[in-house]
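Counting from 1, the numbers follow the sequence of the chain as shown. One-based numbering, in listed order, for ligands and for the atoms of each.
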Amino acid sequence: MLTPVIESERLVLDSVVPADASAVFHYCQDEDLQRWVPIPRPYSSADAEAYVTDYAGHARSSNEALLWAIRVDGTFAGVIELRLEAVRSATVGFWLGRPWRGQGLMSEALQTLAEFAFEPDGLALDRIHWESVVDNIGSAIVARRAGFHFEGTMRASLVHRGERLDSWQASLLSTDSRIPGDGWPL
Ligand SMILES: CC(C)(COP(=O)(O)OP(=O)(O)OC[C@H]1O[C@@H](n2cnc3c(N)ncnc32)[C@H](O)[C@@H]1OP(=O)(O)O)[C@@H](O)C(=O)NCCC(=O)NCCS
């Protein structure tokens, strides 16, 4: 599916392109990103090339996922994606390069993307699912701020770096208010 361009106050979300490879390679050296996101470790420049060509290309040519680059004044800062599931539902995933964190950028990206995803003229989704490895506080704060409802901990539900780990689960429905949700273990 072609990547729709989405804009917010500070961000433009658009396609991941081959020219993003060096930034992807650089950002994916970060320990926190490697800790929480199932990217290869060590992360090579070939991994970055494959991500911006094969993975991004597959997202564009299939109906399985939508992948956006997050750009600030035209500079690649990170990515956000929706992995599409049956019947108007998707799982969100995201990361930012370290220099861009702590400025509310991912909160802005997620809130903007969710509005687009629920619009009848956008993706007309009913539900967005979020999950993380337990204790990914930064990711959970972003989801809570966007109004996601915490749904619990699933035991041994994620296989991450060869280990079975517990995961936090949450969702946002098109009918939910966007008020930060209660019940989060934060
Ligand atoms: C998670 C991530 C996307 C958040 O992006 P961000 O733009 O920094 O998020 P925001 O600034 O919108 O909000 C994050 C908030 O969490 C806080 N936070 C982040 N990590 C934290 C931690 N370990 N403990 C407590 N608070 C934390 C930040 O201080 C910020 O709060 P503030 O706005 O009150 O200062 C970014 O940290 C990242 O890319 N992490 C590595 C990859 C990752 O974990 N992806 C998610 C996988 S599920």
Side-chain angles (χ1 to χ4, degrees), residues 6-13 16 20 23-43 47-48 51-52 55 59 65-73 75-85 89-117 127-161 163-172 178-186:
I6 305 169
E7 295 186 33
S8 64
E9 197 184 328
R10 294 179 292 174
L11 307 175
V12 174
L13 309 184
V16 171
D20 296 324
V24 169
F25 170 71
H26 179 66
Y27 294 149
C28 287
Q29 305 308 313
D30 175 64
E31 266 181 30
D32 280 342
L33 212 155
Q34 296 196 359
R35 177 176 177 200
W36 300 118
V37 182
I39 59 172
R41 187 162 68 182
Y43 195 88
D47 293 323
Y51 183 74
V52 301
Y55 188 81
L66 283 158
L67 173 69
W68 286 268
I70 300 172
R71 299 190 197 278
V72 182
D73 295 329
T75 303
F76 178 90
V79 295
I80 187 163
E81 75 176 324
L82 288 172
R83 293 183 290 277
L84 302 173
E85 290 143 12
S89 166
T91 294
V92 69
F94 46 71
W95 57 258
L96 273 184
R98 178 166 287 282
W100 303 98
R101 295 181 198 156
Q103 305 166 50
L105 293 178
M106 192 54 81
S107 295
E108 186 174 326
L110 179 58
Q111 288 164 27
T112 304
L113 182 58
E115 290 315 316
F116 169 79
R127 181 177 193 275
I128 302 176
H129 170 234
W130 166 95
E131 68 180 0
S132 78
V133 173
V134 157
D135 290 339
N136 188 344
I137 306 285
S139 183
I141 289 176
V142 168
R144 182 178 66 179
R145 275 189 187 150
F148 280 66
H149 288 238
F150 187 70
E151 292 174 337
T153 300
M154 280 178 74
R155 295 177 305 152
S157 52
L158 285 181
V159 177
H160 190 63
R161 310 215 175 282
E163 249 190 297
R164 279 202 168 274
L165 300 177
D166 295 350
S167 67
W168 282 341
Q169 302 286 323
S171 72
L172 184 67
R178 305 298 190 260
I179 297 166
D182 293 332
W184 285 84
L186 300 173

Open item on the list: Does this structure show an ion pair linking Glu85 with Arg127, if we count only N-O contacts that are shorter than 4.0 Å?
Closed with: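 Judged by the 4.0 Å cut-off on N to carboxylate O distance, Glu85 and Arg127 do not form a salt bridge.
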
Task: Note: Arg35-Asp135 ion pair, threshold 4.0 Å (strictly below) - done: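 A salt bridge is absent here (no side-chain N lies under 4.0 Å from a carboxylate O).
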
Task: Residue pair Trp130 / Ser139, side-chain donor-acceptor N/O under 3.5 Å - done: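 Present: a donor and an acceptor within the cut-off.
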
Open item on the list: If the criterion is any heavy atom closer than 4.0 Å to an atom of ligand 1, which residues make the list?
Closed with: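 Those residues closer than 4.0 Å to ligand 1 by some heavy atom are Trp36, Val37, Phe94, Trp95, Leu96, Arg101, Gly102, Gln103, Gly104, Leu105, Met106, Ser107, Glu131, Ser132, Asn136, Ile137, Gly138, Ser139, Ile141, Val142, Arg145.
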
Task: The single option from Ile70, Leu13, Ile80 passing side-chain contact (heavy atoms from CB on, under 4.5 Å) against Ile6 - done: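 For Ile6, the side-chain contact (heavy atoms from CB on, under 4.5 Å) test succeeds with only one of Ile70, Leu13, Ile80, which is Leu13.
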
Task: Approximate separation, where rounding is to 0.5 Å, of His129 NE2 and Leu172 CG - done: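 The CG atom of Leu172 is 12.0 Å from NE2 of His129, to the nearest 0.5 Å.
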
Open item on the list: I'd like to know if the side chain of Arg10 reaches the main chain of Val72, judged simply by a donor and an acceptor atom lying under 3.5 Å from each other, with no hydrogens or angles considered.
Closed with: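 Such a contact is absent between Arg10 side chain and Val72 backbone.
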
